[in-house]
Undergrad: 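Here it is, the structure, as structure tokens.
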Amino acid sequence: EQTLPRAGMATPSPDVAFESFVFLDLETTTLNRRRVRTAEISLSAVHRCSLEEPESDPESDSEWEFPLPPRIVDKLTLCLDPQKPFAHRAMELTGLSNRSLKENGKPGFDQALVQAVCGFLMRQPGPVCLVAHNGYNFDFPLLRRELDRLGEDLPSNLWCLDTLPALQELEGHARMSYSLSNLYKYYYGQEPDPDRAHSAEGDVETLLMVFLYRAEGLMAWAEENAPRWNEIEPM
DNA sequence: TGCCAGGCCCTCTTTAGGGCCTT
């Protein structure tokens with residue numbers, strides 16, 4: 001039996017019925033953990049009622065009634081100057097570069113960004129659960145480190161769900177790929193919009209749709225397993 | 001110039017190696 005969440009990070013179940021789920025994605029300069037910096041952040045907040053009873057798509061010609069993305073969703077997407085060089089591959093993937101971010105006058109990860117993110121989170125009915133794919137290993141520890149650099153933190157009453165281990169456990173097919181794009185393809189029979197992939201907002205949309213497909217199981221998993229934000233170790 | 005992620009899981013395993021997942 002799998003022991004989740006992972007050792008050293010999480011303590012027992014919050015047993016919290018989350019009111020809001022905030023889907024998170026970061027675009028970054030590299031995967032190298034010594035050098036990585038954030039270049040774009042996107043958050044989409046959805047109340048649990050919109051996840052429990054999604055509207056279905058009348059256009060869908062499948063036997064399944066595919067869910068529609070929730071109409072009522074708060075969104076925040078910000079680009080920022082990472083102030084460290086992009087790896088070539090990251091520039092290719094994200095369409096971001098040091099030059100373009102500088103030309104567009106984007107500041108770095110600063111107090112104003114923290115205020116915007118905290119204000120966004122505080123608008124959502126709590127308790128709030130952040131959701132990211134591979135979040136326990138990448139997005140959450142990185143965000144924590146970016147905040148630590150400024151001596152800042154997110155509001156309390158915040159928990160964290162990583163859809164990667166959650167869906168690995170819920171689906172239970174050891175050999176399938178649990179990458180975000182493959183999960184979308186697995187559930188909806190088509191690729192995520194290639195023009196939107198690897199923008200923070202596009203990947204958040206894909207994550208939200210993947211979540212919607214397994215919303216009931218994922219919400220239950222989160223209530224049992226999600227660590228508190230302050231239990232996340234900085235990268 | 002050369003540096004070049006890392007935690008987790010699986011298995012042809014535990015005195016290890018390789019693949020996945022995130023940009």
Side-chain angles (χ1 to χ4, degrees), chain A residues 1-11 22-44 77-101 106 108-109 130-146 148 160-187 191-211 214 218 221 225-227 231-235:
Chain A
E1 193 182 335
Q2 222 173 348
T3 50
L4 293 164
R6 296 193 168 90
M9 190 193 57
T11 44
V22 175
F23 299 87
L24 162 73
D25 189 56
L26 305 178
E27 301 304 315
T28 70
T29 55
T30 176
L31 293 175
N32 184 323
R33 302 166 103 80
R34 294 184 209 168
R35 298 165 183 236
V36 60
R37 291 294 184 93
T38 306
E40 189 178 33
I41 180 169
S42 185
L43 303 163
S44 280
T77 299
L78 297 169
C79 290
L80 48 146
D81 179 354
Q83 297 171 333
K84 293 283 176 186
F86 273 87
H88 185 70
R89 181 65 180 146
M91 276 195 290
E92 275 184 348
L93 277 175
T94 64
L96 300 171
S97 67
N98 297 101
R99 186 177 164 183
S100 62
L101 288 161
K106 295 304 164 193
F109 198 109
L130 286 175
V131 184
H133 197 63
N134 202 27
Y136 293 156
N137 280 319
F138 192 74
D139 301 80
F140 300 141
L142 175 56
L143 181 56
R144 174 117 231 165
R145 191 175 76 189
E146 300 273 27
D148 277 2
C160 300
L161 167 64
D162 184 344
T163 44
L164 175 60
L167 287 170
Q168 281 172 334
E169 186 172 290
L170 290 172
E171 297 297 347
H173 307 309
R175 294 192 180 281
M176 70 176 270
S177 162
Y178 285 84
S179 69
L180 186 62
S181 64
N182 197 68
L183 284 163
Y184 185 90
K185 197 173 159 187
Y186 181 67
Y187 293 148
E191 303 280 352
D193 181 353
D195 295 334
R196 308 272 294 145
H198 290 293
S199 76
E201 195 175 323
D203 285 347
V204 163
E205 281 173 20
T206 304
L207 175 61
L208 173 51
M209 291 307 290
V210 163
F211 188 99
R214 282 280 175 263
L218 286 168
W221 196 94
N225 298 290
E231 292 176 286
I232 300 292
E233 291 290 334
M235 189 179 277

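Chain A is the first sequence line, chain B the second, and so forth, proteins listed ahead of strands; every chain is numbered from 1. Both backbone and side-chain heavy atoms feed into the values below; hydrogens, waters and symmetry mates do not.
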Undergrad: Identify every side-chain donor-acceptor pair in residues 35-44 of chain A under 3.5 Å, counting partners at least two apart or on other chains, and give the distances.
TA:
from    : atom 1 : to       : atom 2 : distance (Å)
A:Thr38 : OG1    : A:Glu146 : OE2    : 2.8
A:Glu40 : OE1    : A:Ala200 : N      : 3.1
A:Ser42 : OG     : A:Thr77  : OG1    : 2.8

Undergrad: If you measure only the distance, is there a donor-acceptor pair under 3.5 Å linking the side chains of A:Thr94 and A:His198?
TA: no
Undergrad: Out of B:dA5, B:dT23, B:dT22, which nucleotide sits closest to the side chain of A:His198?
TA: B:dT23
Undergrad: Expressed as a whole number of Å, how far does the C1' atom of B:dC21 sit from that of B:dT15?
TA: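 Per the computed distance, 28 Å lies between those C1' atoms.
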Undergrad: Say we look at B:dC12 and B:dG6: how far apart would their P atoms be, to the nearest angstrom?
TA: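 Straight-line distance between the two P atoms is 28 Å.
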Undergrad: Test your reading of the model: is there a side-chain donor-acceptor pair from A:His133 to the backbone of A:Asp25, 3.5 Å cut-off?
TA: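 Such a contact is absent between A:His133 side chain and A:Asp25 backbone.
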Undergrad: Kindly give the heavy-atom pair with the smallest separation between A:Thr28 and A:Phe86, and that separation in Å.
TA: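 Nearest pair, atom of A:Thr28 first, then A:Phe86: O-CE2, 3.8 Å.
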Undergrad: Please state how far atom CG in A:Asn137 lies from atom P in B:dG6, giving the value in whole angstrom units.
TA: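 Computing the A:Asn137:CG to B:dG6:P distance gives 12 Å.
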Undergrad: Counting distance alone, no hydrogens or angles: does the base of B:dC3 have a donor or acceptor under 3.5 Å from a partner atom on the side chain of A:Arg35?
TA: yes
Undergrad: Tell me: CG of A:Leu96 to P of B:dT22, nearest whole Å?
TA: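 For the pair A:Leu96 CG and B:dT22 P, the rounded distance is 17 Å.
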Undergrad: Of all the heavy-atom pairs spanning A:Val131 and A:Leu207, show the shortest one and how long it is.
TA: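 Heavy-atom minimum between the residues: O-CD2, 3.5 Å.
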Undergrad: Out of B:dT22, B:dC4, B:dT23, which has the shortest distance to the side chain of A:Asn134?
TA: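 Among B:dT22, B:dC4, B:dT23, the one nearest the side chain of A:Asn134 is B:dT22.
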Undergrad: Base, sugar-phosphate or nothing for A:Tyr178? Non-hydrogen atoms, less than 4.0 Å.
TA: sugar-phosphate
Undergrad: With a 4.0 Å cut-off on heavy atoms, is A:Asp203 in touch with a base, just the backbone sugar-phosphate, or nothing at all?
TA: sugar-phosphate
Undergrad: Rounding to an integer number of Å, can you tell me how far A:Arg37 CZ sits from B:dT22 P?
TA: 23 Å
Undergrad: Give a yes or no on whether a salt bridge exists between A:Arg144 and A:Glu233, defined as a side-chain N under 4.0 angstrom from a carboxylate O.
TA: no
Undergrad: What's the gap between B:dG7 and B:dT13 when it is taken at their P atoms, as a whole Å value?
TA: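 After rounding to an integer number of Å, I get 24 Å for this pair.
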Undergrad: Tell me: CG of A:Leu31 to P of B:dC3, nearest whole Å?
TA: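 So the CG-P distance, A:Leu31 to B:dC3, works out to 19 Å.
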Undergrad: Figure out the CD/P separation between A:Gln168 and B:dC9, and round it to whole Å.
TA: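 In whole Å, B:dC9 P and A:Gln168 CD are 8 Å from each other.
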Undergrad: Would you measure the distance from the C1' atom in B:dG17 across to the matching atom in B:dT23 and give it in whole Å?
TA: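 Each nucleotide's C1' atom is 25 Å from the other's.
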Undergrad: Within the structure shown, what part of the strands sits under 4.0 Å from A:Leu142 by heavy-atom distance: base, sugar-phosphate, or nothing?
TA: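 No contact.
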Undergrad: Using a heavy-atom cut-off of under 4.0 Å over every strand shown, decide if A:Thr29 touches base, sugar-phosphate, or nothing.
TA: nothing
Undergrad: Give a yes/no on whether any side-chain N or O of A:Ser177 is located under 4.0 angstrom from OP1 or OP2 of B:dC21.
TA: yes
Undergrad: Kindly point out which of B:dT23, B:dC21, B:dG6 is positioned nearest to the side chain of A:Ala90?
TA: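 Of all the options, the side chain of A:Ala90 is nearest to B:dT23.
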Undergrad: On DNA chain B, nearest-nucleotide positions of A:Leu180 versus A:Asn32: which is more 5'?
TA: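 Nearest-nucleotide comparison on DNA chain B picks A:Asn32.
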Undergrad: Separation of A:Tyr136 atom OH from B:dC9 atom P, in whole Å?
TA: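 Rounded to whole Å, this separation is 13 Å.
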Undergrad: Taking any heavy-atom pair under 4.0 Å as a contact, classify A:Asp25: base, sugar-phosphate, or nothing.
TA: sugar-phosphate
Undergrad: When the C1' atoms of B:dC4 and B:dC9 are compared, how many Å lie between them, rounded to an integer?
TA: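 Those two atoms are separated by 24 Å.
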